Amino acid sequence: MSFAGKVKEELREQTGKAKHCQLAELAALFACCGQVVMGEDGSDIILFTTENLTVAKKCYILIKKAFHIVPDLSIRGHHQYLLYLLEDHDVLAFMEALRVFDGAYFVSEALIQRSCCLRAFLRGLFLAIGSVTNPNSGYHLELAAGSHDRAVQIQEMMGVFELEAKITERKKNCIVYMKEGASIVDFLNVIGAHVALMEFENVRILKEMRNSINRQVNCETANIKKTVSAASRQTSDIQYIHDTIGFGTLSENLAQIARLRLANPEVSLKELGEMLNPPIGKSGVNHRLRKLSEIAEGLRRQRSTEI
């Protein structure tokens, strides 16, 4: 089962104890996969249509809990599940409770005034139109909103919980999405997917530790390469001085560090300084080696001019 499938299976078991939360989650499912249709006798019918069995089960559970109604269920083909409310009094009770008569484009504000109800509504949205990638592969959570207006509404709802989501368009379908691991963890917490949250967080922490170690190793490797490159350049300059004018013309301090560097091309500046008598610091060693490099460069320019 995919990670998104695991999240939805967990959310199927998360049902608010209060009826107002049950109605809020059911309102989200109705907004995404429900509709009022006309029956053969001209009466209204509530119809939920989904290709996701988990969503169908959640719709069934919520209708039964909130209204004490057992909806009719049928399967079309292999993967399309349909739930019906056929009785007039059941349809009327459903429409009144979900405030379908309010003419709300997406959901009646009265259903999501409480924080717990807004959480339930977002949970229903994720069940119906949400997906999230396996954290081992990357960080991406999205809700396929459909229209831009609906995407903006979802973005604003998420913003109530300080969740930063962005909107993009994919094949004329507006998507509300997140790509930050921390934000996805926060969203999973809001909708009550705590088991999935822990799995996601464990993977995220492990990846961050691995990345931190890799960055540290890369930094140390770069420093080693830089040190080796600098030591090689210093050794080359000192050897050039030795082969052209020798060390006899150098001051005692420069001659001493020149001999040490040639004899110990692999050691650090700090270690070179500790070999001197009296010892000097890293900056002092660097100053002397830089002076030797300037002498070598001057000799090279002089030779180039003579040639």
Side-chain angles (χ1 to χ4, degrees), residues 3 132-142 162-166 168 177-187 197-307:
F3 182 73
V132 59
T133 58
N134 189 312
N136 286 299
S137 303
Y139 303 145
H140 185 87
L141 181 146
E142 67 177 44
E162 297 183 355
L163 298 170
E164 293 187 10
K166 297 181 180 179
T168 188
Y177 71 94
M178 295 174 165
K179 283 189 173 292
E180 295 293 330
S183 296
I184 294 174
V185 166
D186 289 341
F187 180 81
L197 181 157
M198 291 304 299
E199 182 179 345
F200 193 101
E201 188 74 327
N202 287 339
V203 172
R204 190 170 74 95
I205 291 171
L206 184 62
K207 286 174 72 173
E208 287 184 356
M209 287 178 60
R210 189 183 298 120
N211 291 338
S212 178
I213 292 171
N214 287 339
R215 283 193 298 270
Q216 186 175 353
V217 170
N218 291 338
C219 183
E220 290 176 356
T221 300
N223 287 337
I224 290 171
K225 288 182 178 179
K226 184 178 178 181
T227 300
V228 170
S229 177
S232 176
R233 185 174 64 254
Q234 293 159 5
T235 302
S236 176
D237 289 340
I238 292 169
Q239 189 65 52
Y240 187 78
I241 294 172
H242 178 271
D243 294 342
T244 51
I245 61 174
F247 294 158
T249 59
L250 300 176
S251 66
E252 180 58 29
N253 287 342
L254 292 181
Q256 189 182 18
I257 198 69
R259 293 189 184 95
L260 277 176
R261 175 47 94 193
L262 283 180
N264 304 277
E266 76 288 348
V267 303
S268 67
L269 298 184
K270 181 181 178 182
E271 291 171 314
L272 274 179
E274 292 171 350
M275 293 177 183
L276 293 169
N277 188 20
I280 64 172
K282 180 179 176 181
S283 60
V285 174
N286 188 52
H287 174 75
R288 294 183 186 184
L289 289 172
R290 189 165 60 247
K291 185 65 177 177
L292 288 169
S293 293
E294 290 173 358
I295 293 172
E297 186 61 30
L299 291 171
R300 290 190 182 97
R301 285 198 300 270
Q302 182 180 345
R303 184 178 179 184
S304 176
T305 301
E306 290 174 354
I307 294 173

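Please read these numbers as outputs of a predicted model, since none were measured by experiment.
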Is D237 paired with R300 through a side-chain N to carboxylate O contact shorter than 4.0 Å?
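D237 and R300: salt-bridged.
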Is it true that a side-chain atom of S293 and a backbone atom of L289 form a donor plus acceptor pair closer than 3.5 Å?
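Yes; at least one donor-acceptor contact below 3.5 Å.
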For the backbone of K282 and the side chain of N286, can you confirm whether one donor and one acceptor N or O come within less than 3.5 Å of each other?
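Flag not set: sc N286 to bb K282 has no pair under 3.5 Å.
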State, with a plain yes or no, whether a side-chain heavy atom of [X] is found less than 4.5 Å away from one of [Y].
X: K166; Y: Y177; result: yes
X: M275; Y: V267; result: yes
X: L269; Y: Q234; result: yes
X: S236; Y: Y240; result: no
X: V217; Y: I213; result: yes
X: E180; Y: Y139; result: no

Which class fits the ring pair F200 and F3: parallel under 30°, tilted 30 to 60°, perpendicular over 60°?
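The rings of F200 and F3 sit tilted, inter-plane angle from 30° to 60°.
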Provide the closest heavy-atom pair for L250 versus L254 in the form atom of the first, atom of the second, distance.
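Looking at all heavy atoms of both residues, the closest pair is CB-CB, 4.2 Å.
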Once rounded to the nearest 0.5 Å, what's the spacing between atom [atom1] of [X] and atom [atom2] of [Y]?
X: R288; Y: S283; atom1: CZ; atom2: OG; result: 10.5 Å
X: H287; Y: L292; atom1: NE2; atom2: CG; result: 10.0 Å
X: L272; Y: I257; atom1: CG; atom2: CD1; result: 5.0 Å
X: E266; Y: R261; atom1: CD; atom2: CZ; result: 8.0 Å
X: L197; Y: I184; atom1: CG; atom2: CD1; result: 11.0 Å
X: T249; Y: I241; atom1: OG1; atom2: CD1; result: 8.0 Å

Which is it for K207 and R204 under the side chain to side chain contact (heavy atoms under 4.5 Å, CB included) test, yes or no, and what are the steps along the way?
CA-CA 5 Å; K207 286 174 72 173; R204 190 170 74 95; 5.8 Å; no
Could you check whether atom CD of E297 has more than 12 heavy atoms from other residues, nucleotides or ligands sitting under 6.0 Å from it?
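More than 12 within 6.0 Å, yes.
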